[in-house]
Amino acid sequence: MEPAAIDERGKHARWLERSALTASAAVAIISLLALLGWFLDLPLLRSVLPGHVSMKPNTAIGMLLAATALASCARPGRLPPWVSGWASLAVGLLGAATLSQHLFDIELGIDDLLLPDGLESAVGRQPARMSELTAIAFLLVGSIGLMACRRIGAWFAQVLALALLATGLFALSAYGFAMGAENLQLPFLPLGLNTAVCVFLLALGWLVSQPGGGLARVLASPGLGGELGRRTLGPALVAPVVVAFVAQLVVGRNWLTEGAAITGMAVASGLFVTGLVWWGADLLDRLERERAHSRQLQASVHTDDLTGVGNRRAFDEALAALLARRAKGGSPVCLLMLDLDNFKRYNDTHGHLAGDRALRLAGALLRAAIRPGDLAARYGGEEFAVLLPGIDQERALMVAERLCRDFRVADWPDAPVTISLGVAEAFAGESPESLVSRADAALYLAKAAGRDRAVAAQSPSA
Ligand SMILES: Nc1nc2c(ncn2[C@@H]2O[C@H](COP(=O)(O)OP(=O)(O)OP(=O)(O)O)[C@@H](O)[C@H]2O)c(=O)[nH]1
């Protein structure tokens, strides 16, 4: 992968990591406010909408632990490594214990835990038990935390995070019922709006907390898929909740019959999906055109107009990159410096325009002769340079002799043109200037020996 693409991936991965930390901070704040609401007897903080279900104190404690586990997993090293494990275990146990109370009709004494004296009545029922949905969410959060942080079953942890997301979405949309209906007929105990939001945030946080792999990998990708995912995932998650919430609200308040609400919900969902696909297609189309345009610009910045080969800037950048890699023990790099023979006389005899035609054909011959990964560039005037990574000087000399032959037999429009070449292989740690000057010295020797030939450079020790 190109360094720029790695940078882009790193940028998006950091954004995802920050999103996971933000989700964890939001959950911590919401649950701290709920706890404060209980101890100061402020219904607004406990339930967000006074008169509706509150976040229980033991739920708030569970949320705080879940937020801690998520934060320490998303940004390892900030907290001691055992924190995420123990916090996840505690949340998972709280969920499992509450769920077994629901399932087996037993009393483990965790429902009224932390409830200040006299405020039991605020819960509105006894025991003040957290909803089955919250208990399931805690069980999932605990399992995800235990698996994800130890990098065991990372894929399974992501599947559980999706199940957690479904729980959060269900809890949020079911809240429409709580707001609309006078007598709730839910198949589970209702849960507070703040609790439902926290479950949703925890699910999102866990899904994006490991951008290196799993479902979050594509979100960190610098490609078009990553761009599409980052822009459409939010609306795609929120819209169904809003649709279901509104449908339940209007049914609960008897504004519409259930049948009409279901039809409305189906139509709204269909319209939303159509809109999202349309928007996604338009986005991809626009991004692809922008990228093609910027690739074109990038190419034109690095191309010589007359000959179509790379320009001096392209050559300097490629040479520096190849020599840096060579210095770190990378594969060999050879340089051919190549000059059209007696070109001043050619121009003087056939005219400058004929000279330009010859230079154009020289560029075409070079482009046709090199392999992908090599670079031919116009070094200046009628001098060209060819970079050949991955081959030694002996093979580079053979390439140079082949080029000499190609030029000799080419169909020149005005008069034949020959070339002389200097060939040099870079030694580890050699500077660009030194390599160019050794190849130039060899080119000078080729000219001095009668032109139309290739000469290998002396090794620096010789
Ligand atoms: N037509 C044309 N000529 C160019 C261009 N760039 C450089 N030249 C000419 O290339 C010629 C280079 O001449 P010299 O450097 O004296 O070398 P030479 O005549 O090729 O002789 P040797 O290199 O010794 O074989 C000069 O006359 C330049 O004007 C160009 O873009 N178009």
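Order of appearance sets the numbers: ligands from 1, and atoms from 1 within every ligand. Below, all heavy atoms of this structure are taken into account, side chains as well, without hydrogens, waters or symmetry copies.
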Where ligand 1 meets [X] - atom numbers and elements under 4.0 angstrom, heavy-atom basis:
X: Asp339; value: 20 (O), 23 (O)
X: Gly381; value: 6 (N), 7 (C)
X: Leu359; value: 2 (C), 5 (C), 30 (C), 31 (O), 32 (N)
X: Leu340; value: 20 (O), 23 (O), 25 (O)

Please check if the side chain of [X] supplies one atom and the backbone of [Y] the other of a donor-acceptor pair under 3.5 Å.
X: Arg230; Y: Ser221; answer: yes
X: Gln393; Y: Ala457; answer: yes
X: Trp412; Y: Phe407; answer: yes
X: Arg313; Y: Asn311; answer: no

Discussion item. Measuring from non-hydrogen atoms of Arg378 to any atom of ligand 1, is the shortest distance under 4.0 Å?
Written reply: yes

Worksheet item: Which protein non-hydrogen atom lies closest to atom 29 (O) of ligand 1, naming both residue and atom, and how far is it?
Response: Asn347 ND2, 4.0 Å

Worksheet item: Under 4.0 Å from ligand 1, counting heavy atoms only, is it the side chain of Lys447, its backbone, both or neither?
Response: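 Near ligand 1, Lys447 shows its side chain, while the N, CA, C and O stay back.
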
Worksheet item: With a 4.0 Å heavy-atom cut-off (strictly under), which part of Glu383 contacts ligand 1: side chain, backbone, both or neither?
Response: neither

Practice prompt. Just say parallel, tilted or perpendicular for the rings of Tyr346 and Phe343, cut-offs at 30° and 60°.
Written response: parallel

Practice prompt. Would you indicate which of Val417, Asp356, Asn342 comes nearest to atom 21 (O) of ligand 1 when only heavy atoms are counted?
Written response: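 Answer by nearest heavy atom: Asn342.
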
Practice prompt. Report yes if Glu382 has an N/O atom closer than 3.5 Å to an N/O atom of ligand 1; otherwise report no.
Written response: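 Yes, since at least one N or O of Glu382 sits under 3.5 Å from an N or O of ligand 1.
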
Worksheet entry | Leu306 N/O to ligand 1 N/O under 3.5 Å | no

Worksheet item: Hey, is Asp356 close enough to Arg360 for a salt bridge, meaning N to O under 4.0 Å?
Response: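 Between Arg360 and Asp356 there is no salt bridge, as every charged N stays at least 4.0 Å from the carboxylate O atoms.
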
Discussion item. Does this structure show an ion pair linking Glu227 with Arg231, if we count only N-O contacts that are shorter than 4.0 Å?
Written reply: yes

Please list every donor-acceptor pair under 3.5 Å in which a side-chain atom of residues 321-340 meets a protein atom from a residue at least two apart or in another chain.
| unit_1 | atom_1 | unit_2 | atom_2 | d |
| --- | --- | --- | --- | --- |
| Arg326 | NH1 | Gly330 | O | 3.1 |
| Asp339 | OD1 | Lys447 | NZ | 2.7 |

